[in-house]
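Notes follow once the structure below has been shown.
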Amino acid sequence: MNLAQHKKSLNKIWIISFLMLGLSQTSGKNLDEARVFEWWDNGIVTAEEATEILDLLEEDNQEEACLLAQVYAQETCGDTLARGTPAKGASRKGKERPSLAPHGYALWKARIDSTGHLETHRTELQMQFYRYRLRLGSQELLTYKNYSSEAHFGQVSTRELHSQIPLDTLWGTALLYPLGNFHVAGLLDTASTEQLRLGYSRRGSAAAEIFYWHGVAGGKNGDSAAAGDSTAAAAEVHSAGLQTKFPFGQMALWWQHGQGSPLIKFLLHDRENQKKAGEPLLFGWQTTAYLHGKEIPQWARLSNTIQKSRLWGSQSLTILAPELANTKITGNARLLLPLQSDSLSERLKMALESGPPPFRANISATCREAQENCRESDWKTGFTSTWETVTLGTSARFRYRTEQHLPPPYVEISSLFTDSKKSHIGFTYIFPQGNPAKSTHFRSEIHFIEDFLDFSFVCIFKDIDKFILNPVRGYAEIRILF
């Protein structure tokens with residue numbers, strides 16, 4: 001078979017797969033470090049992409065981390081996040097009436113490299129009393145909230161300024177005051193950076209906000225010029241934008257004076273959470289994208305890959321048939337247009353899950369680069385079996401290149417044990433070359449939950465077939481509630 005015939009055969013395979021599977025495989029789990037490590041080990045994401053997601057998870061920025069997972073791993077975080085699940089780390093009394101009794105949590109989380117040293121770590125003490133909340137550690141912040149009014153003193157960033165676009169951390173004061181359906185808000189930091197916001201919202205419907213930034217240039221992404229540094233630029237910086245929320249998504253636009261193109265971010269979605277009478281299928285879709293020119297506004301803090309891409313986004317589709325063995329058909333198209341290139345990179349993934357909990361099968365196919373006629377593709381199949389508190393699973397993945405023979409499979413065999421409090425312990429044996437005699441890796445995962453303690457630990461080991469436990473990477477988190 002010549003090369004032309006081989007390409008035609010491959011294209012036929014993709015067409016058949018498209019018809020069978022429809023249009024990223026969703027697991028229904030929220031995003032955590034264990035999943036990112038799994039994608040990293042499997043070669044689904046690069047080390048740089050995995051680090052970007054892990055950094056956001058370390059900051060408890062689940063929403064932005066999920067957007068990166070949607071593009072890099074072509075996976076979603078499950079429906080719970082889309083419906084507004086409270087952020088991990090909310091104290092046990094967060095929804096109760098204001099109390100004078102202090103309550104909160106102490107947190108320590110860290111990533112460990114292959115030498116056993118701390119790669120990154122974060123400490124945090126959060127204490128809440130009456131309408132005040134105090135954070136100490138990696139973020140130093142005092143917050144006062146009274147119904148819709150807010151006041152923040154200390155290190156403020158994305159969450160405190162309610163920004164849809166990630167921001168740098170600034171040291172200053174941020175205020176928000178409601179006026180009926182309207183609100184006025186602002187920021188003043190120690191380097192005289194100023195922000196003003198005016199917004200309107202209708203509960204349960206839509207919201208819109210305009211904002212204005214003013215400061216002094218002199219550092220990348222808002223690093224103000226050091227006092228007394230005569231070489232630092234002293235030019236003033238002005239930028240303004242608009243962000244909106246509506247039932248089917250959100251959109252933000254931010255333009256800085258002197259820059260040719262604005263920074264645009266949008267997230268559009270439609271999820272059917274309940275099946276209507278007479279409709280056997282549920283449909284859901286999500287479109288995510290960042291667009292910008294060679295420069296971005298000074299106070300925006302985007303991941304490196306987003307900064308390097310003029311267009312960065314994905315389109316996903318999910319079809320669920322609850323009455324047909326709970327079958328789920330999912331798909332994802334990833335689009336990247338680098339700043340230094342006019343060539344659009346497109347990656348396509350299709351997946352199918354079906355079957356009852358005792359035997360649920362899955363299959364997926366990924367075209368890693370559509371512009372190259374899918375010369376390199378990933379094919380994965382496996383199954384999981386769930387019986388009460390025990391889940392067993394196995395999978396095999398092939399990375400196929402048209403000019404090469406079929407390589408040995410990347411095989412995983414996993415087990416997961418869960419108790420009534422959702423604590424769990426999991427073990428996964430990994431055979432990167434398909435043969436345990438050649439190479440064996442091991443991934444362990446522990447998540448222990450009690451009334452006052454939340455402990456997580458994930459670690460990857462290699463060369464266990466030689467009875468030598470060499471850690472590759474790890475993650476640990478300890479949260480004590482009070």
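Below, all heavy atoms of this structure are taken into account, side chains as well, without hydrogens, waters or symmetry copies.
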Taking the basic N atoms (NZ, or NE/NH1/NH2) and the acidic carboxylate oxygens, is any pair closer than 4.0 Å for Asp41 and Arg473?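 Yes, charged N to carboxylate O under 4.0 Å.
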Is the shortest distance from a Lys or Arg side-chain nitrogen in Arg122 or Asp60 to a carboxylate oxygen in the other one below 4.0 Å?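 Salt bridge flag = no for Asp60 with Arg122.
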Does any N or O in the side chain of Glu49 come within less than 3.5 Å of the main-chain N or O of Thr46, such that one atom is a donor and the other an acceptor? yes
Any donor-acceptor pair under 3.5 Å linking the side chain of Ser303 with the backbone of Ile306?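 No, because the side chain of Ser303 does not come within donor-acceptor range (under 3.5 Å) of the backbone of Ile306.
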Please list, chain by chain and in numerical order, all residues satisfying side chain to side chain donor-acceptor pair (under 3.5 Å) with [X], sequence neighbours excluded.
X	answer
Glu52	Tyr72, Thr305
Thr391	Thr386
Asp419	none
Thr123	none

Aromatic ring pairing Phe457/Phe455, orientation class (parallel under 30°, perpendicular over 60°, tilted between):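 Aromatic pair Phe457/Phe455 classed parallel.
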Parallel, tilted or perpendicular: which fits the ring planes of Phe211 and Trp254, with parallel below 30° and perpendicular above 60°?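 It falls in the perpendicular class, over 60°.
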Checking Gln315 against Thr287: is there a side-chain donor and acceptor pair closer than 3.5 Å?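 Yes - a donor-acceptor pair under 3.5 Å links their side chains.
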For the residue pair Arg397 and Tyr410, would you count it as a cation-pi contact if the rule is NZ or CZ under 6.0 angstrom from the ring centre and within 45 degrees of the ring axis?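 Positive - Arg397 is close enough to the ring of Tyr410 and near enough to its axis.
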Flag this pair as yes if the NZ/CZ of Arg111 is under 6.0 angstrom from the six-membered ring centre of Tyr475 and inside a 45 degree cone about the axis; otherwise no. no
For residues 245-256, which residue pairs pass the salt bridge (charged side-chain N to carboxylate O under 4.0 Å, His left out) check, not counting sequence neighbours?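 Checked against salt bridge (charged side-chain N to carboxylate O under 4.0 Å, His left out) - neighbours excluded - no pair reaches residues 245-256.
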Would you please indicate yes or no on a ring centroid separation below 6.0 angstrom for Phe398 and Trp379?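 Not under 6.0 Å, so no.
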Counting only pairs under 3.5 Å, give me each side-chain donor-acceptor contact of residues 336-347, with atom names and distances, residues two or more places apart or in other chains.
{"from": "Ser341", "atom 1": "OG", "to": "Ser343", "atom 2": "N", "distance (Å)": "3.0"}
{"from": "Ser345", "atom 1": "OG", "to": "Glu369", "atom 2": "OE1", "distance (Å)": "2.7"}
{"from": "Arg347", "atom 1": "NE", "to": "Arg368", "atom 2": "O", "distance (Å)": "3.3"}

